[in-house]
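Before any comments, here is the structure.
So that the names make sense, note that chain A is the first sequence line, chain B the second, and so on, each numbered from 1. Below, all heavy atoms of this structure are taken into account, side chains as well, without hydrogens, waters or symmetry copies.
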2 protein chains.
Amino acid sequence: MNAPVSSPASTPALTKNQSLVFEVLNSSDAPMSAYTILDKLRDHGFRAPLQVYRALDKLTEFGMVHRLESLNAFVACAHPNSECCSTGHGHHGTVAFAICESCGHVFEFHDHQVDHRLGDWAKGKGFKPAKTTIEIRGLCEACAA
Amino acid sequence: MNAPVSSPASTPALTKNQSLVFEVLNSSDAPMSAYTILDKLRDHGFRAPLQVYRALDKLTEFGMVHRLESLNAFVACAHPNSECCSTGHGHHGTVAFAICESCGHVFEFHDHQVDHRLGDWAKGKGFKPAKTTIEIRGLCEACAA
DNA sequence: ATCAATTGCGTTATGCTATAACGTGTGTCA
DNA sequence: TGACACACGTTATAGCATAACGCAATTGAT
């Protein structure tokens, strides 16, 4: 009984572990590390980091979760139904993040011009992009005040 | 005899450890992790990670070294004398990196329009950027062939 | 039906990345 | 000369991530 469970349709069917991990991330205001997620799920039978990492890998592949490289942490996608996400297949955008170093809040956004500009640079150099990371660390409006 | 040694002028005076770490990074084609640097410097008396991390912190502050967040690794700045670098003070740019996942080579570049665009987004949101990371992972021209 | 391939899962062990906390020596400068 | 700042060395520990094993369930082709 480890197979994915059918679900409402739009989002891919998630397994139990994937759902649990996503729930935890999705109800958090701030990014969480894999180990923090693990701790939140001990009551649900999670014992080892790999259980979390495996779920995170899939969720990331589905475009439901993003990894923040500068934080070694993860957030639920803020625009789950937009085409900007999903590494899996047809997408046309890179997601950018602004991360408040005071309150931890993450703003996710997308900018076509930045995309095009980076894409043009790559074209000019013959570089084939696979994944692009854009992260702005700083202070959000509320915290900068 | 632990104080910085005076040097040619343009670059800040580096201590012995800082020079050693910078030399290692600067003569490498690809980014290196702190621990790889440590191994390269065992012959020079390095014993502990902190010796490397402390030097890297300073070199980064001087703008002579960049940290690649998506790799947990470090590279020597490719444009040491440009104003684009140096987190320390007056600079106007964010550096972007294209990282070849096959050969490991890193291309460092700068794009004002990307900068402005991200800056505009931040202004609009009242977000105060402190440090911006832009990293494109993919395949360089030679490796994509 | 059944066998092979695939995928998810659980567990143990391990490896890599980074920092805390302590004490030492040295140069600066009021 | 005493307070301070800074670089350094060492030990210990914290935090992030994956390798390698074996089992269970599902899928799909023959």
- Short question: side chain of B/Ser27, backbone of B/Glu23 - any donor-acceptor pair under 3.5 Å? yes
Across all chains, not counting sequence neighbours, the side chain to side chain contact (heavy atoms under 4.5 Å, CB included) partners of A/His116 are A/His112
| query | Does a donor on one side chain and an acceptor on the other come within less than 3.5 Å for B/Thr133 and A/Glu135? | reply | no
To the nearest angstrom, the NZ-C1' distance between B/Lys16 and C/dT26 comes to 16 Å
In whole angstroms, the gap separating P of D/dA17 from CG of A/Leu71 amounts to 11 Å
Ordered by number, residues from residues 34-54 of chain A within less than 4.0 Å of DNA chain D (heavy atoms) are A/Tyr35, A/Leu50, A/Tyr53
Rounded to whole Å, CG of A/Asn72 lies from P of C/dA18 at a distance of 8 Å
Practice task
Compute the ring centroids of B/His66 and B/Phe97, then answer whether they are less than 6.0 Å apart.
Solution key: yes
Handout entry: Residue-phosphate contact under 4.0 Å: A/Thr15 side-chain N/O, C/dT7 OP1/OP2
Key = no
By salt bridge (Lys or Arg N to Asp or Glu O under 4.0 Å), B/Asp39 pairs with (sequence neighbours left out) B/Arg42
Residues pairing under salt bridge (charged side-chain N to carboxylate O under 4.0 Å, His left out) where one sits in residues 136-145 of chain B, two or more places apart or in two chains, turn out to be B/Glu101-B/Arg137
In whole angstroms, the gap separating P of C/dT7 from CG of A/Asp57 amounts to 14 Å
message = Over 60° means perpendicular and under 30° means parallel, so tell me whether B/Trp121 and B/Phe127 are parallel, tilted or perpendicular.
response = tilted
With the side chain defined as heavy atoms from C-beta on, B/Gln18 is closest, among D/dC8, C/dC9, C/dA18, to D/dC8
note: A/Glu61, atom CD; C/dT7, atom P; distance rounded to Å ~ 10 Å
| said: With a 4.0 Å cut-off on N to O distance, would you call A/Lys131 and A/Glu69 a salt bridge? | reply: yes
### Query
Any sub-3.5 Å donor-acceptor pair from A/His110's side-chain atoms to A/Thr94's backbone N or O?
yes
A/Asn17 atom CG is separated from D/dA25 atom P, nearest whole Å, by 15 Å
In short, the helix from C/dA1-D/dT30 to C/dA30-D/dT1 is bent end to end, axes from five pairs each side, to 10°, by 30°
inquiry  = Taking 4.0 Å as the cut-off, does a side-chain nitrogen or oxygen of B/Arg67 come that near to OP1 or OP2 on C/dA18?
reply    = yes
- For A/Ser33 and D/dC16, is the shortest distance between a side-chain N/O and OP1 or OP2 below 4.0 Å? yes
The correct set of residues in residues 21-32 of chain A placing a heavy atom under 4.0 Å from DNA chain D is none
| query | Quick one: are A/Leu56 and A/Leu25 in side-chain contact, heavy atoms under 4.5 Å? | reply | yes
Sidechain-backbone polar pair: B/Ser19 side chain, B/Thr15 backbone, donor-acceptor under 3.5 Å: yes
